[in-house]
Amino acid sequence: MAAPPAPGFVALGDLEEAASRVVPAEAWLYVQSGAVGEDSMRANRDAFRRRTLRPRVLADVSTIDLTTTLLDARVSAPVFVCPMARQGLFHPDGELATARAVRRAGLLGTYSTLSTRSPEEIASAAPDGLRWFQIYLQPEFSRTQELVERAEKAGYAALVLTVDAPLLGVRDRLAATPFILDPEHALGAGEGVRAPARAPAGGRGRYTLRAEAAATWTVLDDLQSITRLPVVVKGILTGEDARRAVAHGARGVCVSNHGGRQLDAAEAALDRLPEVVRAVGSDVEVYFDSGVRRASDALVALAMGARAVGLGRPVLWALAVGGEAGVDRLLSLFASELAATMALTGRRRIGEIDRTLLGEPRW
Ligand SMILES: Cc1cc2nc3c(=O)[nH]c(=O)nc-3n(C[C@H](O)[C@H](O)[C@H](O)COP(=O)(O)O)c2cc1C
C-alpha cells in the first residue's frame, strides 16, 4: 500500500499558511471569511491573545491525563471538531477523512446538516467513533424530523441545534462568489435539505427569510418530543439564553459566535463564556468554540469553565493540506501541545484546571 502523502506542516503555527498555498481561491474565501467587516472574527483571536496563564511548579507532572467525558462518553481530550459544512471543498474524502481521523484520536466529531457526505456515510467511515449531528432547522419541521431520525438511526449520540443562523451572516468577502452554494456542490444529506437563507450573490436583492427563521424556544421541546437523543444548543452568547436553553431541556450549550461569521458586532465568544458559565455551568455542560488555535487557548477556555473546546477552521486547513493524514497530524499536535502546556502549568488532570489557572490580562 502506498504511504499516505506527508502533510505539509510540522507545527500548528504552520498550518494556515500551508493551507493557503493549496486551497483553491474561492474555497479559501469561504473558509477564511467572517461577517461584514470581520471584526468579530478578529476579536475572537484578540481575546485569546489578551489572556495569560498562571503556572504552578513542582507538581509532579511526569504523567498527564487529558481524558474527560462529554455527556457521559469518554474522550481522549476535552477537544472536539466543530460542525462545518461542505468539507468536500477541501478534500475529495471530505467528512469521511475527518471522521476517520477524529475516531483515531479518540475525540468527539460533530457533523453538519450541510456536509458534503450523508450522515450515514460519515457514520460508516468510523462506525465506533463518537459523533454528534448538527441540525439546521428546515423550513418544514417534518424535514427536520427526517434528519433527526436519520441521525439517530446512524448512531449519532447527540443533536447540536445551531441557533445563531436564522439566516447566513452577511459576508462581504463572499458577495462576489456565488460558487459555494451552486447545485454542483450538492449536500450529502439529500436534495431537499436547505441551508439557512442567504443574500443573493453579487449584491443583488435581499434575503428572503424562510419559515425556519420563525423558530422560538419551543422548537427545543418539539425536537425532544421526536428524539431520545440529548440536545446541545450551539451559538449561545448570553446568560439569559443559556438559562432558557436549560429550561427547555438542553443538556449542553456551546458558547460560539460561529467563528465570527454571523453577527459582526458580536463580542469575542471568549468574552461571553464567563457569563454563560455563571448562569448554567453547574446544570449542564458548557462547550466553547470560536478562535481556538493553540493548546493554551484550550486551557484558557477550560479554566473559564468550558467542558471542551471545538476546533473549527484549523480542521479544514489540515484536511486541505493532507486529507485524513493532515487531520491526524493536527489532532495529535494539538493533544501533545495540550499535554505540554498542562505540564508547564503544573496541571496533571483536566479536573485540576480551574479559574486559579488564569493570570492577569495582558492589556
Ligand atoms: C467553512 C465553515 C463552515 C461552517 N459550517 C457550519 C455549519 O454547517 N454549522 C454550524 O453550526 N457551524 C458551522 N461553522 C461554524 C463552526 O462550527 C464553528 O463555530 C467556527 O468555525 C469556530 O470558529 P473558528 O473556525 O474560527 O475556530 C462553520 C465554520 C466554517 C469556517
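Both counts, for ligands and for their atoms, begin at 1 and track the order of listing. Everything numeric in this text was worked out from a predicted model, so none of it was measured.
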Legend entry - Electrostatic pair Arg244-Asp241, nearest N-O below 4.0 angstrom: no
Inset, instruction - Could you tell me whether Arg228 and Glu152 have a side-chain N and a carboxylate O separated by less than 4.0 Å? - result: yes
Inset, instruction - Using a strict cut-off of 4.0 Å, indicate which atoms of ligand 1 neighbour a heavy atom of Thr162. - result: 10 (C), 11 (O)
Inset, instruction - Using a 4.0 Å heavy-atom threshold (strictly under), name the region of Lys234 that reaches ligand 1: side chain, backbone, both or neither. - result: side chain
Inset, instruction - Looking only at protein heavy atoms, identify the closest one to atom 15 (C) of ligand 1 and say how far it is in Å. - result: His258 CD2, 3.4 Å
Legend entry - Minimum-distance pair of heavy atoms, taken over all atoms of Asn44 and Gly259: ND2-C, 3.7 Å
Legend entry - Mode of Arg261 contact toward ligand 1 - side chain, backbone, both, neither (heavy atoms, under 4.0 Å): side chain
Legend entry - Per-residue contact class, Gln134 against ligand 1 - non-hydrogen pairs under 4.0 Å: side chain
Legend entry - Proximity of Leu316 to ligand 1 by residue part, where a heavy atom lies under 4.0 Å: side chain
Inset, instruction - Check the angle between the aromatic planes of Tyr111 and Tyr156 and answer parallel, tilted or perpendicular using the 30° and 60° thresholds. - result: perpendicular
Inset, instruction - Establish, yes or no, whether the cationic atom of Arg307 lies under 6.0 Å from the six-membered ring centre of Tyr287 and within 45° of the ring axis. - result: no
Inset, instruction - Indicate, as side chain, backbone, both or neither, the part of Ala85 found under 4.0 angstrom from ligand 1 when only non-hydrogen atoms are considered. - result: both
Inset, instruction - May I ask you to establish whether Arg261 and Tyr30 are in a cation-pi arrangement, using a distance under 6.0 Å from NZ or CZ to the six-membered ring centre and at most 45° from the ring axis? - result: yes
Legend entry - Pair Glu324 + Arg100, salt bridge at N-O below 4.0 Å: yes
Legend entry - Closest to atom 28 (C) of ligand 1 (judged by heavy-atom distance), picking from Arg293, Met84, Gln32, Met41: Met84
Legend entry - Best match, Gly259, Ala195, Pro83: closest heavy atom to atom 14 (N) of ligand 1: Pro83
Legend entry - Ligand-residue contact atoms, ligand 1 with Ser112, heavy atoms, under 4.0 Å: 7 (C), 8 (O)
Inset, instruction - Please write down residue, atom name and distance for the protein heavy atom closest to atom 22 (C) of ligand 1. - result: Asp289 OD1, 3.4 Å
Legend entry - Subset of ligand 1 atoms that lie under 4.0 Å from at least one heavy atom of Ser256: 19 (O)
Legend entry - Side-chain donor-acceptor pair present, Arg272, Ser290, cut-off under 3.5 Å: no
